[in-house]
Amino acid sequence: MRKKIVAGNWKMNNDFDQTLSLVNELKECKNYKDVSVMISPAYPFLKTSVDLLENSSIEVVSQNMHQKKEGAYTGEVSPGMLKSIGVSRTLIGHSERRAYFNEGDEVLLEKIELALSSGLSIIFCFGEELSDRKSNKHFQVVKSQLDNTVLKIDKDSWGKIILAYEPVWAIGTGETASPEQAQEMHEFVRNCVFEKYDNSISENISILYGGSVKPSNADEIFSKKDVDGGLIGGASLSAKDFNLIVEANSSL
Ligand code: 13P
């Protein structure tokens with residue numbers, strides 16, 4: 001069975017006190033039993049968030065990790081470090097990592113392999129830029145992003161992978177992909193997974209949409225058959241809005 005998921009990527013927002021308040025507010029929100037809820041605070045606040053959410057169903061996810069196990073990589077964080085504080089999932093391949101930190105397919109594949117072999121699950125992000133869409137290359141670009149990374153991973157690890165389609169032109173811009181554009185790409189991605197593996201994997205993989213999802217558009221996006229949830233940026237910084245988005249993905 002495909003899991004419904006709503007994950008909040010807090011990016012480089014919120015100091016310690018703001019993180020505590022938001023986590024505590026979210027703890028009080030209604031628990032929709034058919035939706036897995038995840039939040040991704042900044043590195044320094046992961047452990048506190050894990051502790052605060054110990055008896056809650058909200059999972060704490062890292063925004064990134066380094067591609068090497070350990071060593072002289074000043075300023076970086078390894079999967080082992082994340083595991084040791086109770087974090088068992090990380091985002092990999094967010095478009096901001098690709099754009100501002102030059103993370104290309106090769107490094108992303110290293111990260112995926114190390115995460116999985118270290119026992120971390122992943123949310124793998126991908127998506128085309130505006131110029132790709134304008135030149136009608138969006139399917140080709142997405143296929144290549146997947147072919148060079150997650151689709152190289154063997155079948156047995158796919159239980160630990162969530163995919164997140166985030167068209168770069170829709171991130172933080174207020175411009176959302178239309179529900180039809182999201183559905184069309186999610187269906188294409190599911191088919192890429194099917195072609196590489198089999199029906200049991202493609203039908204069970206959760207594919208999230210990310211890019212300017214808000215309470216006012218979440219319902220329509222989540223109603224599409226291949227959209228299993230969302231990866232939320234800006235709107236995840238408000239407990240009220242985030243909770244409304246979680247509610248929009250619940251059928252209860
Ligand atoms: P926004 O929801 O702010 O557009 O960000 C989406 C995103 O990048 C989530 O990872």
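When a ligand or atom number is given, it counts from 1 through the structure's own listing order. Since the structure is predicted, the reported quantities are computational estimates derived from the model, not experimental observations.
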Atom 9 (C) of ligand 1 [closest protein heavy-atom partner, distance rounded to 0.1 Å]:
Glu166 OE2, 2.9 Å
What protein heavy atom sits nearest atom 3 (O) of ligand 1, and how far away is it?
Gly234 N, 2.8 Å
Which residue in the set Leu91, Leu208, Ile162, Ile232 passes side chain to side chain contact (heavy atoms under 4.5 Å, CB included) when paired with Met38?
Ile162
Using 4.0 Å as the upper bound for N to carboxylate O, is an ion pair formed by Asp105 and Arg98?
yes
Salt bridge check: are Glu110 and Lys68 linked by an N-O gap of less than 4.0 Å?
yes
Any idea which part of Asn9 is under 4.0 Å from ligand 1, heavy-atom wise: side chain, backbone, both or neither?
side chain
For Ala170, state whether at least one heavy atom is located under 4.0 Å from any atom of ligand 1.
yes
Hey, is the main chain of Lys3 close enough, under 3.5 Å, to the side chain of Ser206 for a donor-acceptor pair?
yes
Going by distance alone, is a donor N or O of one side chain under 3.5 Å from an acceptor N or O of the other, for His94 and Glu166?
yes
For the residue pair His186 and Tyr165, does the interplanar ring angle fall in the parallel (under 30°), tilted (30 to 60°) or perpendicular (over 60°) class?
perpendicular
Would the distance check show the side chain of Tyr197 and the main-chain N or O of Trp158 forming a donor-acceptor pair, the cut-off being under 3.5 Å?
no
In the protein, what heavy atom is nearest to atom 2 (O) of ligand 1, and what distance, to one decimal place, separates them?
Gly233 N, 2.9 Å
Could you tell me whether some N/O pair between Thr173 and ligand 1 is separated by less than 3.5 angstrom?
no
Atoms in ligand 1 flagged as close to Gly211, the criterion being non-hydrogen separation under 4.0 Å:
4 (O), 6 (C)
Residue-ligand contact Lys11/ligand 1, heavy atom below 4.0 Å:
yes
Of all the heavy atoms in Ser212, does at least one lie under 4.0 Å from an atom in ligand 1?
yes
Distance under 4.0 Å to a non-hydrogen atom of Gly172: what atoms of ligand 1 satisfy this?
1 (P), 3 (O), 4 (O)
